[in-house]
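For this chain, numbers begin at 1 and follow the sequence in order.
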Amino acid sequence: MAAFFDINGDYIATTQYVGADKLPAISKSRLNKYYKGYTVEDVVRYDFDDQDDSHLFLLTGKRNYNTIYFASLKNSAENIVVKITPDGEISFLKNL
């Protein structure tokens, strides 16, 4: 686990590697549907403050979440990273 603070010492976020089994059920279901044939390699859970001006607001788009996940997925042709919200939204981020 790692913790992040701004230059004033205010808490921003903590991160930790978690198993794919820790993803919300709706997220696991959607991963299986939209990324069939991929294996989940790593999952990083980000827990951060829930203030409206969250320092990590850009990571979540228009909604504030206290927790989001980033997962690396792999199939025979490529490795990718996706962002996963608690309500099951999955966004492609990049190829590795």
Indicate whether any N or O donor in one side chain lies under 3.5 Å from an N or O acceptor in the other, for Tyr38 and Glu78. yes
Just wondering, do Ile68 and Ile84 contact through their side chains at under 4.5 Å, heavy atoms? no
A side-chain contact here means heavy atoms from C-beta on lying under 4.5 Å apart; do Asp42 and Phe70 qualify? no
Taking the side chain as every heavy atom from C-beta outward, state whether Val82 and Leu93 have any pair of such atoms under 4.5 Å apart. no
Count the heavy atoms of every other residue, nucleotide or ligand shown that sit under 6.0 Å from CZ of Phe5, and state whether that count exceeds 12. yes
Without swapping roles, check the side chain of Asp6 against the backbone of Asn8 for a donor-acceptor pair under 3.5 Å. yes
Might you confirm whether atom NZ of Lys28 has over 12 heavy atoms from other residues, nucleotides or ligands at distances under 6.0 Å? yes
Answer yes or no: is there a side-chain heavy-atom contact under 4.5 Å between Arg45 and Thr15? no
Partner set under ring-ring contact (aromatic ring centres under 6.0 Å, His included) for Tyr69, not counting sequence neighbours: none
So which atom in Ser27 and which in Pro86 form the shortest heavy-atom distance, rounded to 0.1 Å? OG-O, 4.5 Å
Out of curiosity, does Ile26 fall in the hydrophobic cluster containing Ile90 (side-chain heavy atoms, cut-off under 4.5 Å, transitive links)? no
Take Asn66 and Asp47 through the test side-chain contact (heavy atoms from CB on, under 4.5 Å) and record every step on the way to the result. CA-CA 6 Å; Asn66 294 344; Asp47 292 304; 5.8 Å; no
With a 3.5 Å distance limit and no angle check, can you tell me whether Arg30 reaches the backbone of Gly88 through a side-chain donor-acceptor pair? yes
Mind checking whether Tyr46 and Thr14 have side chains closer than 4.5 Å, heavy atoms only? no
Output the distance between atom OH (Tyr34) and atom CG (Leu31), rounded to the nearest 0.5 Å. 11.0 Å
Test side-chain contact (heavy atoms from CB on, under 4.5 Å) on Phe92 and Val81; report intermediate values, then the result. CA-CA 6 Å; Phe92 171 84; Val81 176; over 6 Å; no
Stepwise side-chain contact (heavy atoms from CB on, under 4.5 Å) check, Ile80 with Leu96: CA-CA 5 Å; Ile80 63 172; Leu96 295 176; over 6 Å; no
Please determine whether side-chain contact (heavy atoms from CB on, under 4.5 Å) holds for the pair Leu73 and Thr39, giving the CA-CA distance in whole Å, both sets of side-chain angles, and the decisive distance to 0.1 Å. CA-CA 5 Å; Leu73 309 177; Thr39 302; over 6 Å; no
